[in-house]
Colleague: 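Submitted below is the structure of interest, expressed as structure tokens.
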Amino acid sequence: MRLIPVTQSPYQEQTFDFNGRKIRLTLRFNSIGEFWAMDVYEPVTQRQICQGQALACGVPILLRSTQPYFFYLEDESGADLDVMAASDLGTRCFLYIGAK
């Protein structure tokens, strides 16, 4: 799996290549529900892969999709807690992408 560089900024967008696919990842922190959500878009094929997908620790995100990749949020503190504050992403919880 490859680590995706993230920060605590409440809105982040980045485009990167993974195994020959260009992926645009958007991360947003929902301050009312206190969770991080992600959108995944493939600009080459102009396909929205997911929108508003909540990040949860220990759950392979998009594993059941037809995409050849998935995302994984890991709590490096060992407590296996989901991100509860904007500051948790990139400090306690780290986002990875992996090939299926």
Side-chain angles (χ1 to χ4, degrees):
M1 288 196 300
R2 185 173 98 189
L3 178 65
I4 299 172
V6 294
T7 66
Q8 296 81 39
S9 175
Y11 181 87
Q12 308 172 45
E13 187 172 277
Q14 59 181 290
T15 302
F16 57 89
D17 289 315
F18 182 75
N19 288 353
R21 290 189 185 239
K22 188 170 286 294
I23 299 168
R24 184 173 70 207
L25 174 67
T26 305
L27 298 170
R28 296 179 316 280
F29 184 72
N30 182 317
S31 59
I32 296 170
E34 295 186 342
F35 68 92
W36 281 92
M38 76 175 194
D39 302 339
V40 177
Y41 180 77
E42 292 184 358
V44 174
T45 60
Q46 297 183 357
R47 288 187 56 215
Q48 187 76 47
I49 305 306
C50 73
Q51 194 167 16
Q53 175 70 49
L55 297 183
C57 286
V59 178
I61 303 164
L62 299 181
L63 185 65
R64 294 183 183 221
S65 75
T66 59
Q67 302 315 112
Y69 55 83
F70 67 98
F71 293 87
Y72 194 80
L73 188 69
E74 178 73 25
D75 179 358
E76 298 289 327
S77 74
D80 291 326
L81 297 173
D82 290 335
V83 286
M84 296 178 282
S87 61
D88 288 343
L89 190 65
T91 57
R92 181 176 61 82
C93 297
F94 296 90
L95 187 62
Y96 297 88
I97 186 169
K100 289 184 185 174

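Counting from 1, the numbers follow the sequence of the chain as shown.
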Colleague: Can you measure from OH (Tyr72) to CD1 (Ile61) and round to the nearest 0.5 angstrom?
Modeller: 9.5 Å
Colleague: Could you tell me whether the side chain of Glu74 and the main chain of Cys93 form a donor-acceptor pair under 3.5 Å?
Modeller: no
Colleague: Within the distance-only criterion (no hydrogens, no angle test), does the side chain of Lys100 pair as donor or acceptor with the backbone N or O of Phe70 below 3.5 angstrom?
Modeller: no
Colleague: Please identify each residue that fulfils salt bridge (charged side-chain N to carboxylate O under 4.0 Å, His left out) with Arg28, with sequence neighbours left out.
Modeller: Asp39
Colleague: How many angstroms lie between atom CG of Leu95 and atom CD of Gln12, to the nearest 0.5 angstrom?
Modeller: 9.5 Å
Colleague: Going by heavy atoms in the side chains, are Gln14 and Ile23 under 4.5 Å from each other?
Modeller: no
Colleague: Heavy atoms only: give me the nearest Leu89-Gln8 pair and the separation to one decimal.
Modeller: O-NE2, 3.0 Å
Colleague: Any non-hydrogen side-chain atom of Ile49 less than 4.5 Å from a side-chain atom of Arg47?
Modeller: yes
Colleague: Return each pair, listed once, that meets ring pair (Phe, Tyr, Trp, His ring centres under 6.0 Å) where at least one residue sits in residues 17-39; pairs must be two or more places apart or across chains.
Modeller: Phe29-Trp36
Colleague: Following the transitive rule for hydrophobic clusters with a side-chain heavy-atom cut-off under 4.5 Å over Ile, Leu, Val, Met, Phe, Trp and Tyr, establish whether Val6 and Phe16 coincide in one cluster.
Modeller: yes
Colleague: From Gln53 CD over to Leu55 CG, what is the distance, rounded to the nearest 0.5 angstrom?
Modeller: 7.5 Å
Colleague: Nearest 0.5 angstrom please: Leu62 CG to Gln67 CD, how far?
Modeller: 7.5 Å
Colleague: Check whether any side-chain N or O of Asp75 sits under 3.5 Å from a backbone N or O of Leu81 as a donor-acceptor pair, and report yes or no.
Modeller: yes
Colleague: Restricting to salt bridge (charged side-chain N to carboxylate O under 4.0 Å, His left out), what partner residues turn up for Arg21, sequence neighbours left out?
Modeller: Glu42
Colleague: Heavy-atom distance under 4.5 Å between the side chains of Leu63 and Phe71, does that happen here?
Modeller: no
Colleague: Has the side chain of Gln48 got a donor or acceptor atom that lies under 3.5 Å from a matching backbone atom of Cys50?
Modeller: yes
Colleague: Give me the other members of the hydrophobic cluster that Tyr11 sits in, counting Ile, Leu, Val, Met, Phe, Trp and Tyr linked by side-chain heavy atoms under 4.5 Å, directly or via other members.
Modeller: none
Colleague: Please, which pairs that meet salt bridge (charged side-chain N to carboxylate O under 4.0 Å, His left out) have at least one residue in residues 3-19, sequence neighbours excluded?
Modeller: Asp17-Lys22
Colleague: Shared ILVMFWY cluster between Leu27 and Tyr96, side chains joined below 4.5 angstrom?
Modeller: no
Colleague: Name all residues meeting the salt bridge (charged side-chain N to carboxylate O under 4.0 Å, His left out) criterion together with Asp82; count only those two or more places apart in sequence or in a different chain, and write none if there are none.
Modeller: none
